[in-house]
There are 2 protein chains.
Amino acid sequence: MTVRSRARTRALEDTCAIARSLGVLADPWSFLIIRETLFGRRTFAEFRDSLGIATDVLTDRLGVLVEHGVLQKVPYRAPQQRTRWAYEPTPAGHDLNIVLAALQQWGAAHLPRNELTVVPTSAQSGHPLRVAFVDTEGRSVSQGDAQFSSTARSDIEADPDRRSS
Amino acid sequence: MTVRSRARTRALEDTCAIARSLGVLADPWSFLIIRETLFGRRTFAEFRDSLGIATDVLTDRLGVLVEHGVLQKVPYRAPQQRTRWAYEPTPAGHDLNIVLAALQQWGAAHLPRNELTVVPTSAQSGHPLRVAFVDTEGRSVSQGDAQFSSTARSDIEADPDRRSS
DNA sequence: AAGGCTAGATTGGCATTGCCAACTCAGTCT
DNA sequence: AGACTGAGTTGGCAATGCCAATCTAGCCTT
């Protein structure tokens with residue numbers, strides 16, 4: 001039985017969208033589970049084996065991610081195999097890719113390791129991409145030009161071409 | 001005395017930059033402390049009062065953030081006041097703004113609350129900004145065009161809708 | 001139809017982290 | 001000197017995480 005932790009509940013009810021996002025994602029594993037979906041992993045066993053996460057924690061994290069619409073649990077059957085469950089990213093899950101990319105960009109820049117690394121690239125051109133602030137015309141703006149200011153919710157509703165579908 | 005947790009250590013030594021970033025940041029409070037710096041908070045007491053975080057946890061989190069170069073502890077003295085400590089964001093700390101903005105964008109879109117919120121805007125024009133993937137020329141590309149590929153192997157897809165069978 | 005196999009959890013025991021309140025300590029100010 | 005106060009520390013306890021062992025329900029074989 002899943003009982004939502006106090007910390008998650010507090011965060012999820014926050015008026016700040018950052019805090020609510022963290023209510024779903026701020027633990028040692030959730031982001032890494034999403035990362036694994038980028039490499040095509042979908043099943044309980046794949047997550048367990050690639051991450052080395054304790055199975056009870058994995059059960060709980062998958063439940064939280066499904067509950068908040070990041071993943072969707074769908075039956076799946078390979079030929080000659082029994083039915084299994086796959087945890088497929090939803091559109092909301094796909095929208096986390098840019099958060100992961102931003103984290104990757106930051107870690108590569110500020111916690112370097114001189115190792116092989118994975119970078120976002122354009123599927124069309126194959127050229128590398130980066131994560132940046134862009135203005136309403138889609139042109140990137142320097143990091144220093146970005147400031148946070150409060151506004152009403154309706155102002156951010158317009159979200160033109162962010163989602164693919 | 002601060003002893004680094006096993007989970008942080010494991011993550012910080014990962015070859016994946018996402019995992020290393022999470023080694024510094026993946027807990028219920030670190031991102032929120034960084035968020036508070038966006039609103040000008042700098043001192044122990046300001047973080048404690050605005051976040052309601054337990055003081056022992058705050059001590060530990062500030063230590064971790066200083067240790068990894070996100071914040072810098074500097075003496076600070078207001079007129080007619082005793083010397084106090086301020087935790088100032090470093091350049092690495094400022095670079096986290098885009099991660100926070102990405103989280104805010106995701107939470108506003110997928111965990112809506114119809115509340116006042118804070119959005120990134122251009123300091124120059126005052127127009128709203130958003131976080132996007134951009135190509136080498138600084139033009140935004142659609143989320144669907146972004147895939148993750150390793151610098152060594154280019155066969156890892158970000159697009160999760162294709163599963164081999 | 002019975003039995004075995006195995007993916008996907010669940011459970012128990014212990015370690016780590018988080019939370020709260022009370023307490024300490026060291027500069028400042030009077 | 002003595003009081004004040006910002007910035008932590010400490011102690012007790014609850015919650016979460018980790019690991020190994022165990023359970024369960026579909027599916028397959030016989």
Side-chain angles (χ1 to χ4, degrees), chain A residues 1-11 19 22-33 36 41-67 71-88, chain B residues 1-12 19 22-33 36 41-67 71 73-88:
Chain A
M1 151 156 28
T2 301
V3 177
R4 181 152 52 229
S5 78
R6 261 195 306 166
R8 265 190 218 286
T9 302
R10 169 171 25 79
L22 296 173
V24 178
L25 302 166
D27 60 70
W29 294 111
S30 292
F31 277 109
L32 297 179
I33 292 170
E36 292 302 306
R41 322 242 210 249
R42 291 294 183 276
T43 67
F44 188 95
E46 285 169 345
F47 294 130
R48 180 197 59 206
D49 295 344
S50 60
L51 291 171
I53 180 175
T55 58
D56 55 346
V57 177
L58 178 56
T59 299
D60 187 76
R61 278 322 90 86
L62 290 172
V64 170
L65 293 173
V66 168
E67 177 185 353
L71 299 177
Q72 193 176 6
K73 189 174 181 175
V74 297
Y76 141 81
R77 179 159 199 172
Q80 298 296 86
Q81 298 273 319
R82 48 180 293 190
T83 301
R84 294 159 67 179
W85 295 102
Y87 295 86
E88 294 284 349
Chain B
M1 158 106 43
T2 301
V3 177
R4 180 152 58 229
S5 77
R6 259 195 308 165
R8 264 190 219 287
T9 302
R10 171 171 22 82
L12 283 166
L22 295 173
V24 178
L25 300 165
D27 60 69
W29 294 112
S30 293
F31 277 111
L32 298 179
I33 291 170
E36 292 303 304
R41 320 245 211 243
R42 292 292 183 275
T43 68
F44 188 94
E46 285 170 345
F47 294 129
R48 179 197 59 204
D49 296 344
S50 60
L51 290 171
I53 180 177
T55 58
D56 55 345
V57 178
L58 178 55
T59 298
D60 188 74
R61 279 322 89 86
L62 289 173
V64 170
L65 293 172
V66 168
E67 177 185 355
L71 299 178
K73 190 173 181 177
V74 297
Y76 145 82
R77 179 157 200 172
Q80 298 298 86
Q81 298 271 322
R82 50 180 288 190
T83 300
R84 294 158 69 179
W85 295 101
Y87 295 87
E88 295 284 348

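Lettering of chains follows the sequences in order, A, B, ..., and the numbering in each one begins at 1.
Distances shorter than 4.0 Å separate some side-chain N or O of B:R10 from OP1 or OP2 on D:dC18. Proximity of B:W29 to the phosphate of C:dC19: a side-chain N or O atom is located under 4.0 Å from OP1 or OP2. Close to C:dA9, at under 4.0 Å from its OP1 or OP2, lies a side-chain N or O of A:K73. For A:Y87 and C:dA9, the shortest distance from a side-chain N or O to OP1 or OP2 is below 4.0 Å. In terms of phosphate contacts, B:R48 brings no side-chain nitrogen or oxygen within less than 4.0 Å of OP1 or OP2 of D:dG8.
If you measure from atom CG of A:D60 to atom P of D:dC19, you get 16 Å, rounded to the nearest angstrom. Taking atom CG on B:D27 and atom P on C:dG18, their separation rounds to 6 Å, with Å as the unit. Rounded to whole Å, atom C1' of D:dG17 lies 16 Å from atom CG of B:L22. As rounded to whole Å, 22 Å separates atom P of D:dA14 from atom CZ of A:R8. For the pair A:D49 CG and C:dG8 P, the computed distance is 10 Å after rounding to whole Å. Counting to the nearest Å, the C1' atom of D:dG17 and the CG atom of A:D56 are 7 Å from each other. Straight-line distance from the CZ atom of A:F44 to the C1' atom of D:dC23: 13 Å, rounded to whole Å. For A:W85 and D:dC27, the CH2 to C1' distance is 14 Å, given to the nearest whole Å.
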query = For A:F44 and A:L58, what are the C-alpha separation, side-chain angles and deciding distance, and is it a side chain to side chain contact (heavy atoms under 4.5 Å, CB included)?
reply = CA-CA 8 Å; A:F44 188 95; A:L58 178 56; 3.9 Å; yes

ask   = Can you list the steps and then say if B:V74 with B:Y87 is a side chain to side chain contact (heavy atoms under 4.5 Å, CB included)?
value = CA-CA 6 Å; B:V74 297; B:Y87 295 87; over 6 Å; no

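The shortest non-hydrogen separation linking B:A19 to B:A11 is O-CB, 3.5 Å.
Among C:dG18, C:dC19, D:dA7, the nucleotide with an atom closest to any side-chain atom of B:R61 is C:dG18. When distances are taken from the side chain of B:A54 to each of C:dC20, C:dG18, C:dG8, the shortest belongs to C:dC20. Among C:dC20, C:dT10, D:dC18, the nucleotide with an atom closest to any side-chain atom of A:T59 is C:dT10.
To the nearest 0.5 angstrom, A:L51 atom CG is 6.5 Å from A:I33 atom CD1. Interatomic distance, A:W29 CH2 to A:D60 CG, rounded to the nearest 0.5 Å: 13.5 Å. To the nearest 0.5 Å, atom CG of residue A:L71 and atom CD of residue A:E88 are 9.0 Å apart.
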ask   = Which parts of nucleotides 22-30 of chain C does protein reach within less than 4.0 Å, heavy atoms only, written one letter per nucleotide 5' to 3' as B for base, S for sugar-phosphate only and - for none?
value = -----BSS-

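Between the side chains of A:D56 and A:T59, no donor N or O sits under 3.5 Å from an acceptor N or O.
Comparing A:P28 and B:E46 along DNA chain D, the residue whose closest nucleotide (by nearest heavy atom) sits nearer the 5' end is B:E46. When the nearest nucleotides of DNA chain C are assigned to A:R84 and A:A7 by heavy-atom distance, the more 5′-ward of the two goes with A:R84.
Look at A:R41 and A:E46 and you find no salt bridge, because none of the NZ, NE, NH1 or NH2 atoms lies under 4.0 Å from a carboxylate O.
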